[in-house]
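One structure is given below, encoded as structure tokens.
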Amino acid sequence: MQFEFTQDEALIAETFRRFADRNLRPATADADREAKIPAALLAQGAELGLYADAVPERAGGYLEGAYSHRSRAIRGLSLGWACPAMGEVFERGVELALLLGEVGGFDDVLADLATSEGSAVLVRNDGRLGILPDGDSAMVLGYFPAVFGAAFSKWLAIASLEPGAEGLYLISLADCGRSSAVAETWRASGAERIELGGTQARIITRDTDRITRMLDEAKVSLAARAIGAARAAIEFAEAYAADRVQFHQPIGQFESLRELIDTNRVSIEAGEALVLRAAAELDSKSGPVTLASMAQRFSADVIRKSAVDAVQIYGGYGYVNEYPVEKLMRDATAFAVRFGSESFERVRRG
Amino acid sequence: MDIFQNEMIKGLTQMAHYFAEFEIRPAAPIHDREETVPWELMAKAQFQGISQTRMLDEVVARRGKEVRESDSSKPKIAAQLQVAAAEELAWGCAGCSLALVGSSLAASPVASLGSVEQQDLFLKLMDGLDANGRVKTAAMALSEPGTGSDISGLSTTARKEGDSWVINGSKQWITNGQTATVYVVWAQTDAALGRSGVRGFLVERGTPGLVPGKKEHKIGIRASETAAVHFEECRVHNDMLLGAARPSTGGLGDTKKMLDSTRPAVGAGAVGIARAAYEYTLEFAQREMLRGRKLVDHQHIAFALAEMAMEIEASRLLIHKAAWLSDNKIENVLNASIGKAHAANTATSVTRRCLEILGDAATEPGNLVEKCYRDAKIYDIFEGTGQIQRRIIAKHLFGVNAV
Ligand SMILES: Cc1cc2nc3c(=O)[nH]c(=O)nc-3n(C[C@H](O)[C@H](O)[C@H](O)COP(=O)(O)OP(=O)(O)OC[C@H]3O[C@@H](n4cnc5c(N)ncnc54)[C@H](O)[C@@H]3O)c2cc1C
């Protein structure tokens, strides 16, 4: 695998780092408090090619040839670094667009996916849904307690690998019971509780390998954003520790805090390398991959530890919302539970 | 240690648990969401005898009963009762529980350093309801914007003028800081004396120059009010200086001792949070199915829960030992720090693993475990951070001040 960025990748890295730093960062605290992302930011994201770059040209997007998951991971590092909730919203719809582009048909949906307001959220059936297939459609019964990004989206894609209910189901969010589920984590992402009362779904595929692959793609993107967020937490903590003086010296000079920062930095570098490798694996193979789940699991641990340790380094200031690490600690939660809990995952693999 | 068999401890635990389950739990989510102080709960608690100023009540009670207290045939269990109750209340909600008993942080230095007159004054001020018809609270104002862990670096000063002291400075993150009726504030009286120049003062609400400041928005324990407090040429009478009769012992060293005495109860709160998250997750795992079996029937989940139970039990024993030592008048500084630091670890790691097991259920608005995860973190920060506890432990065990 290649560790250096190609010229294109370097350009993407730079573009999204600038976008994250200049446009997103200044807006994150307000977006968190008000639980919404300003429309202007969503539009700016779309201008950078988010959404449309996974939609084939024939359906109005920009994608010609192969999609690069490595490039996606690279931009994810910056989006997560700026704001996990915004990152989730900006990365919606990619896996679905890639899959629909491959299976053919569904051009109406693809055209939607090329836009922010027409995009889709992807969720996973943890075994709680009742799914009654009927030809190439199905009736779906059950609920999702908090679907991030739903308030900004038009479509709901449900990936199910449960025995007897295997399939990728597509539902119009307009047909669902929806209520705000904004809580503590990823507040700006427009989370909604989604109720499905025998809602009609289109079955896009029943190919479990393809569905697994789709989830793998989503996991790598999620993992990239987790690592970006972890890097942000530790950068904040390091800067704070260099400034804050207790016992007549900057606290960053106490060995225990230095060690805390260093341990996290090592994990972040390892996590970033794993994420980029997992993305390269996606780019080099078409079926299911092995590194994606590992990347998700590892990066979820990394962000949780980094965020909690950053709060610790800030002391009392870390516990209040004046500084950004408080939000990162709340945001860390969602990374661990997106696409079903880690425990479910581990049991499933076992 | 007969703590788990003692009938009084069992009885109080039951009482506190009942209050936590039926009064605190239903009220907690809204106070967490809206960051409001649970005044109605505080009134109920006071009515039911869950005291705001427990430490001081004890001192006063002891004053009248010296003889009976010295009867060695009776077990002394005040500290053990306190930790048993603290665990249950925090099981209900750590923020509400701090709102209920946070005033004892201020009562504690009054109990240990105050004269009989100061103790009586404190109790008198805390009696009845405040101007808004609410239960009265007290605040212990030590930390400052620039000085949290290193309390010898205080910049708040008290200057002697005739028969009064004039206090200037700002305090940060003070529990009950905005609404307290009485404040115990720590200030430097003589910079040349360094740490031993730091003294405590009783300051009544309404004293000119005492200015309650901005309320903080916090990641957790939101039912407990945390605010800045400013002192601007705030003049108090000489009688308000704590420990005036014992100038050699009334300083910062005693402040630290006072933190040692409240530490086991603080640690017990962390155990309560961990237990709340663990019990909720256990029920979830006993109910939810995966691959045709209950979650708890999967080894991965069962062992994770077993591990949590181990940690919770270990923390609880360490804390009860610290309390038992205190009740038996055996120095407990080391054990208090070990217990608190261990319990803080337990609370953060148990709540985190519970979140993992719950999955997206944990992101639902008002989810108990998600709240526990946010509440838990404070135990590694206030009343001495995790690093400061380790510093104390190292110093006691092998006499070093490692940097
Ligand atoms: C909700 C809440 C309620 C509070 N209530 C009160 C109250 O009622 N009264 C009151 O007086 N205070 C109160 N506090 C303040 C609290 O006690 C302090 O926040 C705490 O002591 C830590 O101080 P600090 O925030 O200044 O952190 P700092 O001391 O600046 O510490 C920052 C980081 O540096 C580390 N550190 C510091 N020194 C060392 C060292 N020597 N070696 C290694 N690491 C070190 C710390 O562990 C921490 O990780 C409260 C705080 C909060 C958040």
Side-chain angles (χ1 to χ4, degrees), chain A residues 33 123-124 126-128 144-148 162-163 180-186 191 193 244-249 251 253-257 260 300 304-305 308 311-312 314-322 326-327 329-330 333-334 336-348 350, chain B residues 32-33 143 145-150 152-153 172-173 214 216-221 226 285 288-293 295 298-301 304 348 352-353 355-367 369-371 373-374 376-378 380-382 385-388 390-391 401-403:
Chain A
R33 201 168 21 252
V123 290
R124 171 172 186 164
D126 248 351
R128 278 178 307 196
F144 290 94
V147 177
F148 302 108
E162 292 305 302
S180 169
V182 172
E184 299 291 337
T185 190
W186 293 8
R193 179 186 169 92
R244 175 75 172 173
V245 172
Q246 288 292 281
F247 303 97
H248 315 291
Q249 66 181 68
I251 55 171
Q253 286 176 14
F254 287 113
E255 277 176 20
S256 62
L257 292 199
L260 206 55
R304 245 180 345 228
K305 177 157 166 53
V308 170
V311 167
Q312 183 66 23
Y314 271 78
Y317 287 114
Y319 207 70
V320 301
N321 76 351
E322 237 168 282
E326 176 265 355
K327 170 178 173 297
M329 184 177 142
R330 284 187 282 110
T333 311
V337 302
R338 186 81 175 85
F339 305 121
S341 72
E342 290 174 15
S343 303
F344 278 89
E345 267 290 283
R346 283 170 202 175
V347 171
R348 238 187 223 108
Chain B
D32 177 54
R33 195 167 59 244
S143 306
T147 309
S149 295
D150 179 13
S152 65
Q172 182 81 4
W173 311 287
K214 172 179 155 277
E216 302 287 359
H217 299 286
K218 307 193 292 296
I219 191 168
I221 58 163
T226 312
E288 296 288 314
M289 305 287 290
L290 184 66
R291 293 276 193 262
R293 281 186 288 155
L295 270 182
H298 292 274
Q299 201 171 71
H300 175 72
I301 309 284
T348 40
R352 176 175 62 70
R353 277 173 291 157
L355 282 180
E356 286 164 17
I357 293 179
L358 291 183
D360 63 359
T363 57
E364 254 177 300
N367 180 272
V369 171
E370 194 276 340
K371 175 175 169 298
Y373 162 78
R374 289 182 285 112
K377 187 65 197 150
I378 191 59
D380 237 344
I381 298 174
F382 72 179
T385 67
Q387 284 75 19
I388 295 304
R390 281 158 183 79
R391 230 173 147 244
N401 237 337
V403 287

Is chain B contacted by the side chain of [X], its backbone, both, or neither, given a heavy-atom distance below 4.5 Å?
X        : answer
A:Glu322 : side chain
A:Val245 : backbone
A:Val182 : backbone
A:Tyr317 : both
A:Ile251 : neither

To the nearest 0.5 Å, how far apart are [atom1] in [X] and [atom2] in [Y]?
X        : Y        : atom1 : atom2 : value
B:Thr363 : A:Glu184 : OG1   : CD    : 11.5 Å
B:Phe382 : A:Tyr319 : CZ    : OH    : 8.0 Å
B:Asn367 : A:Thr185 : CG    : OG1   : 11.5 Å
A:Phe247 : B:Arg391 : CZ    : CZ    : 4.0 Å

Lys/Arg cation over aromatic B:Tyr373: A:Arg304, 6.0 Å, 45° cone: no
With salt bridge (Lys or Arg N to Asp or Glu O under 4.0 Å) as the criterion, how do B:Glu364 and A:Arg193 come out once you've worked through the C-alpha distance, each side chain's angles and the decisive distance to 0.1 Å? CA-CA 8 Å; B:Glu364 254 177 300; A:Arg193 179 186 169 92; 3.4 Å; yes
Top contributor to chain A interface from [options] [non-hydrogen pairs under 4.5 Å]:
options                                : answer
B:Arg352, B:His217, B:Glu370           : B:His217
B:Gln299, B:Lys377, B:Glu216, B:Gln387 : B:Lys377
B:Gly220, B:Gly153, B:Ala361           : B:Gly220

Which pair of non-hydrogen atoms, one from A:Arg244 and one from B:Thr147, has the smallest distance, and what is that distance? NH2-N, 3.8 Å
Closest contact, heavy atoms only, B:Pro365 versus A:Ala183: CA-CB, 3.7 Å
Less than 4.5 Å apart, side chain to side chain, heavy atoms only: is that true for B:Asp380 and A:Val311? no
Look at A:Ala334, A:Gly316, A:Ser256 and state which one has the largest set of heavy-atom pairs under 4.5 Å with chain B. A:Gly316
Please determine which of A:Arg124, A:Arg338, A:Arg128 meets the side-chain contact (heavy atoms from CB on, under 4.5 Å) test together with B:Asp360. A:Arg128
With distance as the sole test, does B:Asp150 use its side chain to make a donor-acceptor pair with the main-chain N or O of A:Gln246 at under 3.5 Å? no
